[in-house]
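Here is the structure we will look at, set down as structure tokens.
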Amino acid sequence: MDRRTLLRVLGGATVSIAGLPPQELTALVKATGRRVPQAPFFTDVQREAVRAVADLIIPATDTPGAVEAGVVQYIEMIVAEWMTSEERERFMRGLAHLDEHTQALAAVRFAHAEVSLQVAILEGLEAEGRALGGASTEFPEMYGEEEDAVSMPFFHSIRALVLHGYYTSEIGMKEELLFREIPGRYDGCVDVSEVTRPAPESE
């Protein structure tokens with residue numbers, strides 16, 4: 001399974017994003033008609049870090065990636081306008097520690113680190129989040145003592161937002177998923193290759 005296909009599966013399997021089920025996130029975007037915040041919330045540095053993470057999770061290939069699909073603005077809207085204060089604080093704490101950890105390793109912010117280091121850091125956070133049974137061993141300050149503070153580690157939260165933001169965007173729906181709002185006919189069972197783009201060839 002290629003990387004983008006795997007991400008698509010992970011996106012469909014997402015149960016909750018910042019406490020909001022995917023169907024609620026989709027409903028809120030339809031209700032507001034917006035995918036951008038009403039007013040800037042992230043600083044330039046924070047937005048730069050979110051952009052770097054989003055670009056690593058869904059980079060541009062033969063189709064536009066997360067950045068081109070407006071996922072950074074979408075995440076800023078969700079964090080600013082739809083997260084609870086506790087969820088927002090936890091997300092922003094995780095974002096801050098991402099830069100702090102990278103600076104401790106390479107004396108640069110996450111967005112300016114070598115791609116290999118960026119990938120290693122995110123893979124470490126992903127593995128740590130899966131194994132998390134208490135406070136983070138790598139970023140102990142990132143997660144609180146409360147049970148709900150570790151229910152959605154930072155990387156898993158931002159990855160879920162990237163996936164949902166991308167696959168509900170116009171680019172993600174039309175260019176990646178080949179969505180047709182009014183199909184010519186109903187096919188109850190169809191081969192997946194007929195309704196999705198072929199996987200990019202490995203180099």
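This chain uses plain numbering: 1 for the first residue, then up along the sequence.
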Of all heavy-atom pairs between [X] and [Y], which one has the smallest distance, and what is that distance?
X	Y	value
Leu95	Ala49	CD1-CB, 3.9 Å
Pro64	Glu68	CB-CB, 3.7 Å
Ala69	Ser169	CB-OG, 3.5 Å
Asp55	Ala60	OD1-N, 4.3 Å

Is there a side-chain contact between [X] and [Y], using heavy atoms and a 4.5 Å cut-off?
X	Y	result
Thr63	Thr61	yes
Met92	Gln46	yes
Phe91	Leu161	yes
Val67	Arg51	yes
Val71	Tyr167	no
Pro40	Arg47	yes

Using 0.5 Å steps for rounding, measure from the [atom1] atom of [X] to the [atom2] atom of [Y].
X	Y	atom1	atom2	value
Ile57	Leu163	CD1	CG	6.5 Å
Gln103	His97	CD	NE2	12.0 Å
Thr168	Tyr74	OG1	OH	4.5 Å
His101	Phe110	NE2	CZ	10.0 Å

Sequence neighbours excluded, the answer for salt bridge (Lys or Arg N to Asp or Glu O under 4.0 Å) partners of Glu89 is Arg93

Please check: side-chain N/O of [X] versus main-chain N/O of [Y], any donor-acceptor pairing under 3.5 Å?
X	Y	value
Glu87	Thr84	yes
Glu76	Pro37	no
Thr102	Leu98	yes
Gln118	Ala52	no

Honestly curious: do Leu122 and Val45 fall in one hydrophobic cluster under the side-chain, below-4.5 Å linking rule? no

**Request:** Answer yes if Leu105 and Val108 sit in the same cluster of Ile, Leu, Val, Met, Phe, Trp and Tyr residues linked by side chain heavy atoms under 4.5 Å apart, and no otherwise.
**Result:** no

Query - Worked check of side chain to side chain contact (heavy atoms under 4.5 Å, CB included) between Arg88 and Phe41 - result: CA-CA 11 Å; Arg88 186 179 303 112; Phe41 177 76; 3.5 Å; yes

